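Everything below concerns the one structure shown next.
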There are 2 protein chains.
Amino acid sequence: MSDRRAQRHAATRQEILDAAWNLARSHGLTGWSLRELAASVGMRAPSLYVYFDGKDAIYDAMFAQGYRQLLERIGRLPTAGEPVEVLRGAAREFFDFYVEDAARHQLLFLRVVPGFEPSPESYALARDVVARLREVLADAGLDRPEAVDLWTALFTGLASQQASNDPGGDRWQRLLDRAVDMFVASEAPAT
Amino acid sequence: MSDRRAQRHAATRQEILDAAWNLARSHGLTGWSLRELAASVGMRAPSLYVYFDGKDAIYDAMFAQGYRQLLERIGRLPTAGEPVEVLRGAAREFFDFYVEDAARHQLLFLRVVPGFEPSPESYALARDVVARLREVLADAGLDRPEAVDLWTALFTGLASQQASNDPGGDRWQRLLDRAVDMFVASEAPAT
DNA sequence: GTCTATAAATGGATAGAC
DNA sequence: GTCTATCCATTTATAGAC
């Protein structure tokens with residue numbers, strides 16, 4: 001059956017992607033070759049071309065997968081309850097997502113891979129994430145566009161500091177709730 | 001005279017570094033080769049080894065130069081006057097420094113070059129910057145360690161968003177003063 | 001779908017003449 | 001100090017046998 005074959009193909013594709021993420025985490029986002037990637041899934045380099053058109057196609061699939069993961073996690077966020085609690089949950093989710101995987105952070109949010117540009121389809125996922133985040137924050141009472149921008153900057157900044165300057169620790173993580181309070185206070189000063 | 005020769009040597013070294021920064025800005029921090037670098041200063045690759053021990057030594061010199069630039073700019077900051085004004089000046093200085101040069105930002109604050117580790121001498125400059133920043137903020141009334149951490153996260157976050165999502169624009173730059181106010185209000189709520 | 005073999009280019013780095 | 005020549009490793013990618 002062609003269905004069976006397609007399923008196997010997709011499974012191997014995912015296996016390759018998982019291995020690529022592992023290499024990116026251990027050797028840096030650009031610190032691995034197709035030979036290494038193939039070896040880590042028990043193949044030789046040319047066989048990878050059965051599943052991907054080349055290295056940039058692999059980066060593109062990783063880019064799309066990363067944004068799909070983020071989108072799914074935003075979707076799971078509780079949106080009912082006290083606005084402050086909702087925002088704390090959202091802040092923690094974003095913080096964790098960034099800190100968990102520095103390589104993913106670099107691929108999704110910084111332009112680190114020389115010459116790589118995400119495909120239009122993959123980039124559309126990035127736009128979906130921003131749109132969905134905007135909805136969540138609006139539901140919690142943050143509907144001013146500048147509020148969303150400031151919110152994003154604040155929590156990506158905390159996560160970036162944590163990942164770069166205290167990996168494995170909690171020096172910036174501890175500041176999360178306080179940062180949410182600071183933010184909420186400045187958005188509703190007279191309430 | 002050996003003095004003349006040493007001066008010429010240092011000048012050429014700097015010329016090479018300037019060219020390396022240009023390549024890093026245009027082709028990405030890791031998107032250039034020693035051949036290209038040599039060509040851009042009118043040399044062939046082997047001649048570079050008269051001035052640097054290899055590519056990582058060039059990255060190391062760039063790393064040190066970047067932190068020296070930042071240290072100098074912190075030194076120029078006005079420290080007298082209204083604390084809020086001092087903090088606004090400091091915030092703007094940091095923001096500009098990061099946004100000006102994405103490649104420099106990646107080299108100094110993110111681990112983007114596979115295998116590269118700054119030398120102890122260069123890394124000492126990074127520590128100097130943090131110490132000096134701590135002094136400036138303390139002079140403006142921010143002496144709690146967590147306050148400094150939150151400050152750093154907030155303004156590197158704003159700068160990173162500006163550089164990544166609105167290069168050449170001012171979407172996050174416009175939020176700077178408001179962010180300082182938010183920060184100051186949360187640090188001195190009952191004054 | 002996976003392999004061997006290999007192309008074709010590029011990388012950092014060194015030897016030695018000038 | 002700069003060069004030519006070259007080494008040697010590595011890269012992505014392709015051709016074609018099985």
Side-chain angles (χ1 to χ4, degrees), chain A residues 1-20 23-24 26-63 107 112-119, chain B residues 1-21 23-24 26-63 103 107 112-119:
Chain A
M1 270 165 177
S2 176
D3 199 24
R4 274 258 185 283
R5 205 177 310 169
Q7 230 172 25
R8 180 83 194 115
H9 188 86
T12 305
R13 241 181 92 98
Q14 190 52 55
E15 198 182 336
I16 292 168
L17 282 182
D18 291 344
L23 283 172
S26 57
H27 297 115
L29 188 57
T30 62
W32 50 275
S33 67
L34 294 184
R35 269 182 174 74
E36 287 176 275
L37 174 58
S40 75
V41 293
M43 283 180 178
R44 304 304 175 91
S47 303
L48 295 176
Y49 287 82
V50 173
Y51 303 95
F52 296 96
D53 283 341
K55 199 175 186 181
D56 274 5
I58 295 176
Y59 280 125
D60 195 57
M62 293 167 78
F63 183 94
L107 178 61
V112 162
V113 184
F116 168 68
E117 293 270 346
S119 64
Chain B
M1 273 168 178
S2 175
D3 199 26
R4 275 256 184 283
R5 205 176 310 170
Q7 228 171 29
R8 179 82 193 114
H9 188 88
T12 305
R13 243 181 90 96
Q14 190 52 54
E15 198 182 335
I16 293 168
L17 282 183
D18 291 343
W21 280 116
L23 283 173
S26 57
H27 297 112
L29 188 56
T30 62
W32 49 274
S33 67
L34 294 183
R35 276 179 172 78
E36 287 175 273
L37 174 58
S40 75
V41 294
M43 283 180 178
R44 304 303 175 94
S47 303
L48 295 176
Y49 286 81
V50 174
Y51 303 95
F52 296 96
D53 283 341
K55 199 176 188 183
D56 274 4
I58 296 177
Y59 279 125
D60 195 57
M62 293 168 78
F63 184 95
L107 178 62
V112 162
V113 184
F116 168 67
E117 293 271 344
S119 65

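Side-chain atoms are counted along with the backbone in the values below, which use heavy atoms only and exclude waters and symmetry mates. Below, read A as the first sequence line, B as the second, and so on, with proteins coming before strands; counting in each chain starts at 1. For clarity, every value in this text was computed on a predicted model and none was experimentally measured.
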Closest to the B:M43 side chain, choosing from D:dA13, D:dT2, D:dA5: D:dT2

Closer than 4.0 Å, any side-chain N/O of B:Y49 to the OP1 or OP2 of D:dG1? no

Whole angstrom is fine here: how far is it from CG in A:L48 over to C1' in D:dT12? 11 Å

Tell me: CD of B:E36 to C1' of C:dA9, nearest whole Å? 13 Å

Whole-Å gap separating P (D:dT12) and CH2 (A:W32): 8 Å

Taking the P atom of each, how far is D:dC8 from C:dA8, in whole Å? 22 Å

Side chains of B:R5 and B:R8 in contact at under 4.5 Å (non-hydrogen atoms): no

Whole-Å distance, B:I58 CD1 to C:dG11 P, equals 14 Å

Selection from C:dT4, D:dT4, C:dT2 that lies nearest to any side-chain heavy atom of A:V50: C:dT2

Measure the distance from CG on A:D56 to C1' on D:dA13 and round it to the nearest whole Å. 13 Å

By nearest-heavy-atom nucleotide on DNA chain D, the more 5' of B:R35 and B:T12 is B:T12

Considering all heavy atoms, the nearest B:A38-B:R44 contact: CB-C, 3.4 Å

A:F116 has an atom CZ; how far is it from atom P of D:dT12, in whole Å? 15 Å

Hey, does the side chain of B:S47 come within less than 4.0 Å of D:dC3's phosphate (OP1/OP2), counting only N and O? yes

Taking C-beta and beyond as the side chain, do B:D60 and B:F52 meet within less than 4.5 Å on heavy atoms? no

Does the side chain of B:S33 get closer than 4.0 angstrom to OP1 or OP2 of C:dT10 through an N or O atom? no

Any side-chain heavy atom of B:F116 sitting closer than 4.5 Å to one from B:L107? yes

Let me know the distance between CG of A:L34 and C1' of C:dG11, rounded to the nearest Å. 16 Å

NA contact type, A:F52, heavy-atom cut-off 4.0 Å: base, sugar-phosphate, or nothing? nothing

Find the distance B:Y51:OH to C:dA13:C1' and express it as a whole number of Å. 18 Å

For the pair B:I58 and B:L17, evaluate side-chain contact (heavy atoms from CB on, under 4.5 Å) and give the outcome as yes or no after the intermediate values. CA-CA 7 Å; B:I58 296 177; B:L17 282 183; 4.2 Å; yes

